[in-house]
2 protein chains.
Amino acid sequence: MNYALLCTVATLRKLDGRPMPDAKLNSDTRVRILDVSERQFMAHGYEGTSMRMITSMAKVNLAAVNYHFGSKEGLLREVFRRRLTWLNSERLAVLDALEERAKGAPLKPSQVLEAFFGTLLRIGEDESLGGMTFLRLLGRTLTDPAEFIRTFFATEYAEVIERYKLALFRAVPDVPKAEIVWRLHFMLGAMSYAIAGTDILRVITGHEMSDISGKEEGTKSEARRLSERLMPFLLGGLRAALPQFADSSNRQQAPLAKTVRSKSQEKKK
Amino acid sequence: MNYALLCTVATLRKLDGRPMPDAKLNSDTRVRILDVSERQFMAHGYEGTSMRMITSMAKVNLAAVNYHFGSKEGLLREVFRRRLTWLNSERLAVLDALEERAKGAPLKPSQVLEAFFGTLLRIGEDESLGGMTFLRLLGRTLTDPAEFIRTFFATEYAEVIERYKLALFRAVPDVPKAEIVWRLHFMLGAMSYAIAGTDILRVITGHEMSDISGKEEGTKSEARRLSERLMPFLLGGLRAALPQFADSSNRQQAPLAKTVRSKSQEKKK
DNA sequence: GCATAATTCATACGTTCGTTTGAATAGTAG
DNA sequence: CTACTATTCAAACGAACGTATGAATTATGC
């Protein structure tokens, strides 16, 4: 399995430590498979995309995927790795630069969010980084229940999340840390979902959005338009007023709508 | 295909218009299949769940699904329909009650959000409405790229979205309508993602969240804890300061982090 | 140019998929 | 009981799945 890796190892041994030429890692076949896979996984999901779809559309032999990536799982991992390594190292670099310039002072919340989400959304403007295709794929895959996908993302994101969590703790000192973690959670969700773009809203109200915003923003990329809307929303949510904790007698506190239970059909015990 | 429906039609004709007895629609086999499917679709996704998983786990014959629901797609639709019809009619009823009580005055933003998201989250507290299992399934399926799923949700949600959109327009008059639609979009995402719960954050920082919040909230349901955190975040995002539109010369306005491009690896043209 | 490694190719393997079929059984109204 | 409908069941269908194999082809180092 994965003969390409075996060959690579052999080559490396012969090259005696010198870095492997990019040509090997960026062969036509490899990138064609990755490009097509990115698009197909985005359009049909991981399980909904077959190797035969990919190989026929990429005009390569059926066995090519297993040769170059070992397995379908290996292919998906590589599809993400080639984008995420850039993204997350860039995120760390941006944060490093900001903190260095701040000379120890806490960053502004907007700076932290801009560094984290702005860097991501820049991918959508740059086709060589994956463009909107990869952004949509990312948004949709973050909620995929498959185990190997979850663990892959967990390890791939661990360092970045940790760094930005700490930066947010310092940037928003008046919000409890646990609350910030929750809100980071929510912000990731708002972003993924907005990016995925498979939602109901676009079907129903999509016209309005593009109509109204289309006046002066015709030249702007989809990613930039999204970013200008998303960042204020995230900032507002991050700095929102704290939830007033109910008094310890937590019965009958419920604001959850139970107003019209009579109107709904009777509940069967 | 779908012999059960054929039988149903025949029965209805014999019953001459009288409502069909519930026993037919709620046979043991039917609900056992639906319950198991709900859980399996949640855990492994639609494509990742096979009919043999479902039927063996529900202890019914393999052909039972096709008999009762016609196809796998029909099964998924029914899994959602039996929960969403309650959810969305309840949402409409709650909104009706609120607007009636307000006597024509605009509702408060918190009321609208509470009606929309609170009603949803109440499902998580009530096992007979689907509980957290269904909430997670819903969150994960909302980003599923499959066409028949998207169109199903679009029609299923159309009326509710339209009503709540109008309510939000009136509740937040100082935010442009197009902006509100975007933010409704973002709020749906934050909620779905938070509900889906397969994210990176829970793996990395899950302990902290439950540690800190676990003092006095041990008795609260998972859905209620989520709701208390989510609603302030959504409110803050909904009412956030408007994005300052860049002047029409939209070049070089970019706040998108391009600070440390030198640090990242050189970009190949 | 020759030997060797790297890649491509056609083909096949063994599974598993969703669905169908026709007979067997359970349920029900007259 | 009888006639009929509704449901369950075991078995099989063809198709599509991910992967493996060994020969053929191309590229590479000396």
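Please read these numbers as outputs of a predicted model, since none were measured by experiment. Letters go in sequence order (proteins before strands), and every chain restarts at 1.
Residues of residues 32-62 of chain A having a heavy atom closer than 4.0 Å to DNA chain C, listed by number: A:Arg52, A:Asn61, A:Leu62.
Atom-to-atom, CG of B:Leu75 to P of C:dG18 comes out at 10 Å; the value is rounded to the nearest Å. Note: NZ (A:Lys72) to P (D:dA16) measures 15 Å, nearest angstrom. Between B:Tyr67 atom OH and C:dG22 atom C1' the separation is 14 Å, expressed in whole Å. Atoms CG (B:Asn66) and C1' (D:dA10) sit 15 Å apart, rounded to a whole Å.
Applying the salt bridge (Lys or Arg N to Asp or Glu O under 4.0 Å) test to B:Glu127 and every residue at least two apart in sequence or in another chain returns nothing. B:Arg32 meets the salt bridge (Lys or Arg N to Asp or Glu O under 4.0 Å) test with no other residue; sequence neighbours excluded. Partners of B:Glu78 by salt bridge (Lys or Arg N to Asp or Glu O under 4.0 Å), not counting sequence neighbours, listed by chain and number: B:Arg30, B:Arg81. Judged as a salt bridge (Lys or Arg N to Asp or Glu O under 4.0 Å), and not counting sequence neighbours, the contacts of A:Arg163 are A:Asp96, A:Glu99.
For A:His68 and C:dA6, the shortest distance from a side-chain N or O to OP1 or OP2 is not below 4.0 Å. Considering only side-chain N and O atoms, B:Thr29 lies under 4.0 angstrom from the phosphate OP1 or OP2 of D:dT8.
Across B:Phe153, B:Tyr157, B:Phe41, a single residue satisfies ring-ring contact (aromatic ring centres under 6.0 Å, His included) together with B:Phe80, and that is B:Phe153.
The residue B:Ala63 sits close to a base: some heavy atom pair falls under 4.0 Å.
Within the structure, side chain to side chain donor-acceptor pair (under 3.5 Å) contacts touching residues 42-62 of chain A (residues at least two apart or in different chains) are A:Gln40-A:His44.
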